[in-house]
Amino acid sequence: MKLKKSIALFTEAQKHIPGGVNSPVRAFKSVGGDPIFMAKAKGAYLYDADGNKYIDYIGSWGPMILGHAHKDVVKAVRSQIRKSSSYGTPTALEVLMAGLLSSNCPNVDKIRMVNSGTEACMSALRVARGYTGKNKFIKFAGNYHGHADAFLVNAGSGVATLGIQAIPGVTASVAADTLSAEYNNIEVVKKLVEENRGEIAAIILEPVAGNMGCIPPSEDFLQGLRTICDEENIVLIFDEVMTGFRLAFGGAQELYGVHADLVTYGKIIGGGMPVGAFGGKEEIMNMVAPVGKVYQGGTLSGNPIAMIAGHTTLSILQQNPEIYTSLETKTEYLAAGLYDAFAATTYPVCINRVGSMLSLHFGTRAVENFEDASAADNTFFNKFFHHMLSNGVYLPPSAFETWFLSDAISYKDLNKTIKLAKKFAKKN
Ligand code: PLP
């Protein structure tokens with residue numbers, strides 16, 4: 001595979017951008033080697049600067065559930081951009097988007113658009129603190145809620161990939177209000193709540209973890225958290241930046257039947273444009289300025305291009321619910337094929353899957369929390385990653401990240417992926 005242009009671009013990029021990338025996990029630090037620079041994408045395929053083609057299993061880290069450059073999304077964006085890319089005033093598109101989100105997301109009476117998942121989570125936490133008048137909050141080791149200071153304690157995604165323990169720049173006083181618990185362990189949460197009674201504003205979590213690989217919630221974990229929050233006047237925040245509109249149209253709330261007080265969104269709701277949103281019960285959301293005093297704002301929030309790309313994507317998903325069934329079936333097929341590939345070896349493998357989110361952990365048979373994910377054999381994963389990449393399959397460049405399937409992926413693509421995995425398993 002020729003990578004001459006990618007290599008030249010990376011050399012140039014490193015002169016001007018820290019590490020040559022605008023988000024750390026893109027740098028291939030965990031898997032080794034140099035990142036590949038993409039030039040275009042269509043449907044289920046990425047094409048790099050040298051013209052190599054890859055089956056895409058990252059989907060821009062989640063948003064591209066319909067595949068790349070979907071014709072309706074492209075058409076909608078084209079029609080809006082002629083009318084201007086930003087006004088800085090309210091628009092009808094924002095009303096349409098808020099209506100669609102609040103009428104389909106449980107407990108989301110009101111919603112505010114922002115520009116990223118980070119902003120959404122940061123703002124939801126501020127609102128929860130303003131509403132309860134309390135400062136501390138509980139998060140889970142290996143969950144990632146963006147890069148706001150308060151969330152960078154025991155975080156997943158790039159923080160886990162790079163193995164950063166204490167982040168310079170995050171002050172001790174900020175970190176002191178972040179309480180960290182083990183994912184899927186309700187007893188630890190109970191203990192933390194008891195030790196900090198009357199001081200905890202919120203519990204925030206990924207209802208299906210996706211930033212330490214994919215980890216489903218154990219039975220009763222979500223309901224257990226709901227009960228604790230109800231009993232202790234704590235705001236339950238579901239971070240559905242990844243899971244929202246991916247696991248079901250109503251996200252993990254719909255899939256598991258447990259409802260949060262505040263919910264954050266991103267990724268899919270922007271159809272590939274920079275977007276986030278936080279919403280929840282009216283009483284809590286009325287804390288937000290200009291109704292209440294919890295300040296939050298943004299020059300480009302509710303940006304018309306992002307709104308139309310997101311609204312078009314969500315409308316296609318809503319009008320074609322069979323997409324979710326098909327994604328489920330395809331991902332199940334892929335998981336079974338991968339199991340089959342590694343079952344032929346004596347090497348243990350754990351494949352976690354929920355809907356169209358999937359991940360592979362080698363050297364272990366069960367991954368239920370960050371400790372389990374960290375104990376997996378990443379050297380073996382890295383070898384697997386490079387084998388797949390050099391054969392035209394683009395997986396997330398870290399075992400701590402989740403694979404995302406798109407509606408555009410075909411059984412031919414899945415069969416090619418499984419065949420390559422079998423070849424790798426046989427050789428190693
Ligand atoms: N929350 C979750 C669950 C995420 O997966 C991410 C990003 O991957 C974020 C929040 C942060 O979103 P963004 O990268 O758009 O700031």
Side-chain angles (χ1 to χ4, degrees), residues 21-27 30 57-65 105 112-126 128 137 139-162 167 178 183 202-217 222 236-247 251-253 255 260 262-279 296 298 300-301 303 306 309-310 313 354-359 370 373 396-404:
V21 291
N22 279 316
S23 197
V25 192
R26 296 180 198 168
S30 158
Y57 284 102
I58 66 166
S60 187
W61 305 91
M64 311 314 292
I65 191 166
C105 304
R112 172 65 64 84
M113 302 306 303
V114 294
N115 301 290
S116 67
T118 296
E119 266 188 71
C121 295
M122 176 187 93
S123 308
L125 178 63
R126 185 181 305 141
F137 74 102
K139 72 173 287 289
F140 294 90
N143 277 194
Y144 180 69
H145 306 294
H147 63 91
D149 289 4
F151 297 123
L152 291 176
V153 176
N154 286 340
S157 189
V159 184
T161 296
L162 299 175
I167 301 199
T178 305
Y183 196 74
I203 296 179
I204 185 168
L205 80 154
E206 295 178 56
V208 170
N211 285 293
M212 44 182 168
C214 172
I215 303 184
L222 300 180
L236 180 61
I237 309 174
F238 275 7
D239 177 351
E240 294 234 45
V241 168
M242 226 177 225
T243 53
F245 299 93
R246 174 159 288 277
L247 300 183
Q253 288 200 98
L255 188 67
L262 286 177
V263 191
T264 60
Y265 297 97
K267 302 195 190 260
I268 288 177
I269 66 160
M273 294 290 171
V275 149
F278 65 100
Q296 184 283 324
L300 291 174
S301 293
N303 174 270
T313 301
V354 182
S356 54
M357 291 168 64
L358 169 148
S359 68
F370 187 53
S398 163
F400 288 108
E401 301 291 347
T402 291
W403 311 16
F404 297 103

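The basis for the numbers below is simple: all heavy atoms, side chains too, and nothing from hydrogens, waters or symmetry mates. Numbers here simply count residues along the sequence, with the first being 1. When a ligand or atom number is given, it counts from 1 through the structure's own listing order.
For F404, there are no ring pair (Phe, Tyr, Trp, His ring centres under 6.0 Å) partners, not counting sequence neighbours. Applying the side chain to side chain donor-acceptor pair (under 3.5 Å) criterion to Y57, with sequence neighbours excluded, gives T417.
In this structure, F137 and F151 have perpendicular ring planes: the angle between them is above 60°, well past the 30° mark.
In N143, neither the side chain nor the backbone holds a heavy atom less than 4.0 Å from any atom of ligand 1. In E206, the part holding a heavy atom less than 4.0 Å from any atom of ligand 1 is the side chain. Within the 4.0 Å heavy-atom criterion, both parts of T118, backbone and side chain, lie near ligand 1.
In this structure, T402 contributes its side chain and G210 its backbone to a donor-acceptor pair below 3.5 Å.
Close N/O approach between G117 and ligand 1 is found [any backbone or side-chain N/O within under 3.5 Å]. Considering backbone and side-chain atoms alike, K267 places an N or O below 3.5 Å from some N or O of ligand 1.
The ligand atoms of ligand 1 that sit less than 4.0 angstrom from a heavy atom of H145 are 1 (N), 10 (C).
Contact between Y144 and ligand 1 is present, with at least one heavy atom of the residue lying under 4.0 Å from the ligand.
Residue, atom and distance of the protein heavy atom nearest to atom 1 (N) of ligand 1 are D239 OD2, 2.6 Å.
A donor atom on one side chain and an acceptor atom on the other are found under 3.5 Å apart for R112 and Q296.
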